[in-house]
There are 2 protein chains.
Amino acid sequence: MATIRDVAKAAGVSIATVSRVYNNQSLVSPQTTQLILKIADELEYVPNSAARNLIMRRTHTLGVLLPDLYGEFYSELIRGIELVAHRHGFQILLSSSFHGPEDIVMASKAMLGRIDGVIMMSPDKRSMRTAEKISGKVPVVLLNPGEPIEGCHVVAVDNFAGARAATKHLLDLGHRRLAMVAGPEDNIDALDRQEGFRRALIDAGLDPEEALVIPGDFRELSGFKAARVIMGQDPRPTAVFAANDGMAIGLMAALQDKGLALPDDMAVVGFDDITLAGFVTPPLTTVKVDAGCLGGRAVEIMLETLDMEETAPTQRVVLPAHLKVRSSCGIPAGRDHFSRRPWMEPEPHHPEKPVATEYGDEEVQP
Amino acid sequence: MATIRDVAKAAGVSIATVSRVYNNQSLVSPQTTQLILKIADELEYVPNSAARNLIMRRTHTLGVLLPDLYGEFYSELIRGIELVAHRHGFQILLSSSFHGPEDIVMASKAMLGRIDGVIMMSPDKRSMRTAEKISGKVPVVLLNPGEPIEGCHVVAVDNFAGARAATKHLLDLGHRRLAMVAGPEDNIDALDRQEGFRRALIDAGLDPEEALVIPGDFRELSGFKAARVIMGQDPRPTAVFAANDGMAIGLMAALQDKGLALPDDMAVVGFDDITLAGFVTPPLTTVKVDAGCLGGRAVEIMLETLDMEETAPTQRVVLPAHLKVRSSCGIPAGRDHFSRRPWMEPEPHHPEKPVATEYGDEEVQP
DNA sequence: TTGTACGCGTTATCAT
DNA sequence: ATGATAACGCGTACAA
């Protein structure tokens, strides 16, 4: 592979001049610029990014550490991250599918020197502690951490409020025997959603201990299987809150297979508002989480931090999780195909930031 | 940030010794190893990967260039890539959401020096040519290229055969007035699927020009809207082939909204076999594409190429796309929740590799 | 406008 | 077993 030296030699100039062509265009005369560009093209010269990173101490790359990549939530999350990063000329160094805190530490070490900052989402609070180590070296933005970590920015989704609102919705509709299909035991989001569920029951004067909580794993199949447990109850619950849409849809399928008419025989509400939630029958009432926005905001905060050289105070942003009423709980709301993410559409260089509202307002604390 | 020099100084040894501790453990005495490790820990020293990359000419990183990240196909694709890469200690440098060939060239240039190889999927044949430039510098594995490119490995899905089989299925069921919801005009996969559709019609002695082809964009909403066109036809088609599951599900939703009973009033078949295809009602007959496997295979081929230093002959693997019959076409097949990807499950360090055979014969079954 | 020389943080090759 | 030093490919003061 041709190096800057090869080009310099072939063009009869010094490497400094070649370098300048690729950086401070202005400082070199038009004719030599043309010559060098021509020779570089012939030699198929491309500046070596590793060498550049080393000396410039800038990589234009963001490290992204995710617990998993399964499902539309992560899909949209990483899409949002990549999209905003791409707009600013940044690339993504991705690492995922971890088998423990050890693993995640290794991955982050392997990133050091090749990234300008890290965006991280951890499955459990234990692994979250990893962030502390990294934060001393590069800026860190945490996604949905269980608790804040010293020196790290945070972007979170208001899982608690969302779950509470969803459950309240069922309660308001008159349901009294509720069930919940929970997410993975050690998953922070899952835990928060479960807490929101419990809280809503308490708010309504019900005993949360009496509610049926069926373990799940966020996959469709676990929701499907949960139907068996629910149908076996006597008296049977009349409404179910699933900790995510995948499980809710799996559950609905099983319920319908067993001959239940939805929403009349059973109300179902999910969480996430994945695209397909609006296209199943009946359309699924759910809690809208804009995963793409979550990722996008994280990138923006990171880039801001990177811009101002001095260490800025850590930000904490909480994205709202609004109830989205469709028909799966009994209210004939029809379909809603307008669950789009306008800020993700092509080329608004300054994307609309989510609007701060009531419950689960976006709070920006310096 | 502490460098190797800081550690060496603090430990009273040379940088060479410190370096050896992190590489050829054996060549340095146990006591100095311990000492250095202790000091390194205190100083929170982490070797700078950029510097390492520069001199070792190995980055343990794979560049991944994707046209988009929207939908379960890409989600699973990147998951497969990351999973297999992670198993071998590789990270992923990701770039996506391109606005043209220019953009994609820039991105790949920004990767050079920071990656050992590139896995690339291009939306259109034009951008595919980019691969030729890269392939001179690092190994390249192409995903579903329209046509083979000199010096690049290829992993493809047999879109043509899959679409042909899906259409034939409808034909065998007795349908004669078929419609298709197509994918994006310039998308290679979409085009191949459309060709398969046409071919099946020709095979059955039908005129493909008479079949209704409705434009779509692979998103659910375009499938939903297609229903309007279909319902407006007279005589109305009795069966629809959608170029992917998302559009198929959108279509089904709209059809059901309009009061049609599926599959009796209309048969629908999709493409991809996304997880949710088995959980909508009626369960969607589709063509199974293992996107995760597609990505995983690409990584494996890349790693093989990287291992043997000499330039090996380029490989070409075509993954089958099998028809998966559920109930949406009229055959009461029930649900099938066993669409799992066994090779993607945790920790089989040497995943079963699908056997490469001829065109579309590769079996990926457990 | 252009060239020289140093440094970025590391590994590798020779010595010792 | 350990140390000195030359690469790796590039950006940039500083000098010319």
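Chain identifiers are assigned alphabetically (A, B, ...) following the order of the sequence lines, protein sequences preceding nucleic acid strands; residue numbering begins at 1 within each chain. In this text, all values refer to a predicted model and were calculated from it rather than measured experimentally.
Atom CE of B/M106 is surrounded by 12 or fewer heavy atoms from other residues, nucleotides or ligands within 6.0 Å. Shown here is B/E44, whose CD atom has no more than 12 heavy atoms of other residues, nucleotides or ligands within 6.0 Å. The number of heavy atoms from other shown groups lying within 6.0 Å of CD (A/E102) does not exceed 12.
Between A/R52 and D/dC10 there is no side-chain polar atom (N or O) within less than 4.0 angstrom of OP1 or OP2. For B/Y22, no side-chain nitrogen or oxygen approaches OP1 or OP2 of C/dG9 to under 4.0 Å. Here A/T3 does not reach the OP1 or OP2 of D/dC8: none of its side-chain N or O atoms lies under 4.0 Å away. Residue A/R57 places at least one side-chain N or O under 4.0 Å from the OP1 or OP2 atom of C/dG9. Under 4.0 angstrom from either OP1 or OP2 of D/dA4 there lies no side-chain N or O belonging to B/S14. Phosphate proximity of D/dC10 to A/N48: absent, as no side-chain N or O sits under 4.0 Å from OP1 or OP2. Of the side-chain N and O atoms in A/T17, one or more sit less than 4.0 angstrom from OP1 or OP2 of C/dG3.
The distance from atom CG of B/N24 to atom C1' of C/dT13 is 12 Å, rounded to the nearest whole Å. The interatomic distance linking A/R58 (CZ) with C/dG9 (C1') rounds to 19 Å, in whole Å. Across the protein-nucleic acid pair, A/I36 atom CD1 and C/dT1 atom C1' stand 11 Å apart, rounded to whole Å. Between A/D6 atom CG and D/dG9 atom C1' the separation is 11 Å, expressed in whole Å. In this structure, CZ of B/R5 is placed 12 Å from P of D/dT5, rounded to the nearest angstrom. The nearest whole Å value for the distance from the NZ atom in A/K9 to the C1' atom in C/dT2 is 18 Å. Following rounding to the nearest Å, A/I4 (CD1) and C/dA5 (P) show an atom-to-atom distance of 17 Å. Rounded to whole angstrom, the span from the CZ atom of B/R20 across to the C1' atom of D/dA1 amounts to 8 Å.
Residues B/S29 and B/T32 bring a donor and an acceptor atom of their side chains to less than 3.5 Å of each other.
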task: For A/D68 and A/Y74, run side chain to side chain contact (heavy atoms under 4.5 Å, CB included): C-alpha distance rounded to whole Å, both residues' side-chain angles, the deciding distance at 0.1 Å, then the answer.
output: CA-CA 7 Å; A/D68 194 0; A/Y74 288 111; 4.1 Å; yes
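Side-chain proximity of B/I55 to D/dC8, D/dT2, D/dT12: nearest is D/dC8. With C/dT4, D/dT5, C/dT13 as the candidates, the nucleotide lying closest to the side chain of B/I15 is D/dT5. Distances were taken from every side-chain heavy atom of B/V13 (C-beta onward) to each of C/dT1, C/dT11, D/dG3; the shortest belongs to D/dG3. Of the listed nucleotides (C/dG9, D/dT5, C/dT1), C/dG9 has the atom at the smallest distance from the side chain of B/L54. Taking every side-chain heavy atom of A/A16 into account, C/dG3 is the closest of D/dA4, C/dT10, C/dG3.
Relative orientation of the B/F90 and B/H60 rings is tilted, given thresholds of 30° and 60° on the angle between their planes.
When heavy atoms are screened at a 4.0 angstrom cut-off, B/T32 is found touching the sugar-phosphate backbone but no base atom. Nucleic acid contact class of B/N23 (heavy atoms, under 4.0 Å, all strands): sugar-phosphate only.
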